[in-house]
Amino acid sequence: MNAIHGLLTLANTAPAATASADGADSLLRTLTGLPEQASDQAEASDPLFVFIIGLSVFFFVLIIVLMVWFALKYRRREPGQEAISQASHSNLLEIAWSLPPLVIVMIIFFVGMKGFVTMANPSANTIRVDVLAKKWNWSFSYPGTALQNHPELLLPKGVPVEVVVRSEDKDVIHSLFIPAFRVKKDAVPNKYNELYFTPTRSGTYPVFCAEYCGTSHSTMLSRVTVYDTKAQWAKAVEDAARLPFKELPDELFAEWLAIGNAEQFEQFREKVAAIDTEWEEKAGKMIQPSVRGEMLATSHGCMQCHTADGERSTGPTWKNLYRLERTFTDGTKAVADENYLRESILQPNRKVVATYASGQMPQFQGKIPEREIAAILSYIRSLKD
Amino acid sequence: MTTTPTQPTAPTPTPRAPQPLPAEENAPINYLNETRGIWSWMTTLDHKRIGVMYLVGVIVSFFLGGVMAILLRTELFSAGPGVAKLIGDALGHDKWQDTYNQMFTLHGALMVFLFIIPGIPAAFGNFVLPIMLGAKDVAFPRLNLFSFYLWCGGAVFFIAAIALGGLDTGWTFYTPYSTDPASSTFGGVIPAVFGAFLLGFSSILTGVNFIASIHMLRPKVMGWFKMPLMLWALYSTAIIQILATPVLGITLLLLIAERAGDIGVFDPSKGGDPILYQHFFWFYSHPAVYIMILPAMGVVSEVISAMSRKHIFGYSFIAMSSLAIALLGFLVWGHHMFTSGQSDTLNAIFSFITFFIAVPSAIKVFNWLATMYKGAILLKSPMFYAMSFIWVFSIGGLTGLPLAAISTDIHLHDTYFVVAHFHYVMVGGTVFAFLAALHYWWPKMFGKHYDEKPSLVAWFFIFMGFNVTFFVQFIMGAHGMPRRYADWSVEAWKASQIGKGLDTSFIESKVQLFEVCHKISTIGSYGMLIGFLILSYVLVRSLMAGKPASRNPWGANTLEWHCSSPPPHENFATQPQPNDPYNYSGWTYEPTLEGYKACEPKEPEH
């Protein structure tokens, strides 16, 4: 039964697509086997895919028609028949069939690289989502909101998104794959991989794990819901954040949403602890990573040498540090992204920023769990003007 | 050649043979019947016997890998648990998905390490390379036998891996999955990796042997550009084998050390880098793709020219394109890692270099077509397989374009599109060329003809089955079906983290599309199975009761056709004087031989 339905789907997609607004473009996409198109990345890469497939069909037909034609026309009709010609080289022909392919593939390369560059570079005012993969599920956290470790991806239409993918410590490699967006990024343990795109179409689309990860690889699935407006998205995020706090009175929940630093969190915790210790526990679990990071930074002693307000101290300030270009004592440069900051926590003397002394900070390699590093990185990211 | 005035080679002179064959046309004593008994084979230094032993070995491996393939396709005939569950229950696995994962790992590892890589170079290369050079054997016959035993050792370790708890890492052994003590198949990884290590050494030593043979045993009159193209292909392959395979060896040893000694080269929780493993692995395994395809291209160059009875077109371009592919092949490994998070600059560079490989590949295809033009094309099994090679290699090569372009690859990476692409290139390319080689050299290797008609029926099933199996995988891959998935059913979505009360309508049409594509694919694989069964019957029958073959049934002019079928132990009594390997004017058709004989009054060519 399913098979028959499937055949019908296969047969019906093409007309259905023509009827839709994008017309011929969409038809081409369907004929070449691409799914629904829901991001700027899909809009950028699909035309190239359609072009390559068209080109491939042309060359394939050319080769096969010639081959079959020659095979039939020049077939040996009787045993012992000799070839009509023994022509064995022509430099002109060699050039004729080498140069055009070279030119064509160079064009494909440039277009492909251009499409990739938009995906590899952040635009301004992005919404950030932190993705943590482990065997065998995804969790999506939304910095700056109260929604943490959600099993689904929620995004607004038309707003640039920055997705940072990572796999849990001691886990294996996974890969976040959203066919409708034409995006994919490997989730590597303890490495922060970035992905940028803008959803362009509302709806619900499947999310897969694309890197083989063991027993339940094929059920490491989720979905992404794209909302028409940013307001609808914010509402959905808030509703999802409300779920673990169903019985919390509305005014207390509003206070929970507004927590922006450790001090506000402590006040909130005291308030709910007075009502029910269960909520206190929950709040401790669902706390924003940046707030937890602030508390951890204090308890690990980071703030003795680093400041959060831009003042120079024994170590560089954390204010506006994230994605700032740093110059080191040996003259090399690097952008202070997550991977650099993590390295600087674990092995601070590898890359010392110019004008600062080496050997001031203790190594944290083996002394701090990855989860805590991630929280401290969230805190550093939150220290922006 | 006995009948050319320049070079008498066979032990008996050859006047016209009026009646069928052996006595005059072929020597009664040949490499097959010269000595008898299994011991004489196990200790043989004869490159032809070693080639035949490799042939048997790779065919057995292909059979085992093929059984896995059919089981996989049967499991994938419909979503949800199927034959993998039956096998898993019998083996006592907790989850049928684990059984599936072990099945695809074994399929890939057997096919890649035991069949495709040694397939053409070790089996056919060993058999024809010394004869094409007019030599008695390879440069280092003992090393050659040692390589074969290393290959056997590697195969034994693979089997040991299955016995010691199986293997579910995929043939790529990606870390940290392969070093994860929590994995269900912890016991199998070290034996399997050690097996791959031994196979690597077998491959390196064969490469050393071939390079030495081509340099040292080439007759003086055979300049570099007078060599048959098969030798150029084997030479290019050997370069890759000796330069790239040691990196695989080092990587696999590091992996064993990591797993056994708990050191942190690749393990991120110990400060290692799992992406480093991928760099090391693909530094070998991408060039290995060309170890698989270059000898295949060599075979196709020989077969198309001989079967068209026409001089190969663009000889030096085909020869140089083999070298170009071998060298460029070292510089493109990073295109397997566009989504791994390696730097954007690296992605751009690897994409750029990858595209250059399109040019030598195109040069070869067009030169083969030009060779067929105005030829006298013999439409028999070897030619059908060679033309099938052009068909599948064209599709495989062209679908490489969207995988080489970064923006389109991001979507297609690790989907069935990639599965279809590399099956078209590796299976399509290698298997069809392997079969072309098998049919082309069969009369030479065993001195027997096979039945042409059933052989063509086998070709039809294999060719059609192959295309039905894999073409449809492009479609489902482009639609987003990830590879290495045991399941794609709605039930799989319900078993996922978002499954509780999930409204599955957003996925249903996709699930149905995947279901149809998988069904078509499985049906195609059964077609291939039928083809291979017919083929086995045809070849076994030929061995048992085939008509004796003359020394040169195709009228080809490379030196292996100058000695009798099968060749005697020493190939030639005196060293033959080779001329242009693609000049067919020295051979005329002789109906009583069902083959060609050398023209009597022929002047020496040089």
Worksheet entry | Test of ring centre spacing under 6.0 Å for B:Phe104 and A:Tyr212 | yes
Discussion item. Ring centroids only, cut at 6.0 angstrom: are B:Tyr315 and A:His89 within range, meaning strictly under it?
Written reply: no
Let me confirm one number: the [atom1]-[atom2] distance from [X] to [Y], rounded to the nearest 0.5 Å.
X        : Y        : atom1 : atom2 : result
A:Gln86  : B:Tyr582 : CD    : OH    : 13.0 Å
B:Phe393 : A:Ile63  : CZ    : CD1   : 9.5 Å
B:Leu403 : A:Ile52  : CG    : CD1   : 9.0 Å
B:His411 : A:Ser39  : NE2   : OG    : 10.5 Å
B:Asp503 : A:Thr204 : CG    : OG1   : 8.0 Å
B:Tyr174 : A:Ile173 : OH    : CD1   : 7.5 Å

Which bit of [X] is near chain B, if near means a heavy-atom gap under 4.5 Å: side chain, backbone, both or neither?
X        : answer
A:Phe177 : side chain
A:Cys209 : both
A:Arg77  : neither
A:Val207 : backbone
A:Asp171 : backbone
A:Leu93  : side chain
A:Ile64  : side chain
A:Asn193 : side chain
A:Lys73  : neither

Is [X] in contact with chain A via its backbone, its side chain, both, or neither, using a 4.5 Å heavy-atom distance?
X        : value
B:Leu379 : side chain
B:Thr175 : backbone
B:Ile275 : side chain
B:Phe417 : side chain
B:Met476 : neither
B:Ser351 : both
B:Ala404 : neither

Taking side chain as C-beta onward, heavy atoms only, is [X] less than 4.5 Å from [Y]?
X        : Y        : result
A:Phe70  : B:Ser308 : no
B:Ser407 : A:Leu48  : yes
B:Lys510 : A:Pro35  : yes
B:Phe506 : A:Pro206 : yes
A:Tyr74  : B:Met372 : no
A:Lys135 : B:Asp180 : yes
B:Asn347 : A:Met113 : no

Fill in: Cationic N near anionic O, under 4.0 Å, B:Asp409 to A:Arg182
no
Worksheet item: Does the distance from a Lys or Arg side-chain N to an Asp or Glu carboxylate O, for A:Glu211 and B:Arg483, drop under 4.0 Å?
Response: no
Worksheet item: Can you list the steps and then say if B:Asn367 with A:Glu94 is a side chain to side chain donor-acceptor pair (under 3.5 Å)?
Response: CA-CA 8 Å; B:Asn367 275 307; A:Glu94 300 290 347; 3.0 Å; yes
Fill in: Residue that, paired with A:Trp97, satisfies ring-ring contact (aromatic ring centres under 6.0 Å, His included) out of B:Phe317, B:Phe366, B:Trp368
B:Phe366
Worksheet, complete the sentence: Minimal heavy-atom distance between B:Ala362 and A:Pro101, with the atoms involved, is CB-CG, 4.2 Å
Worksheet entry | B:Tyr589 versus A:Pro79, closest heavy-atom pair with distance | CE2-CB, 3.3 Å
Fill in: A:Lys134 atom NZ, neighbour heavy-atom count above 12 within 6.0 Å
no
Worksheet entry | side chain to side chain donor-acceptor pair (under 3.5 Å) evaluation trace for B:Asp98 with A:Thr215 | CA-CA 5 Å; B:Asp98 283 333; A:Thr215 310; 2.7 Å; yes
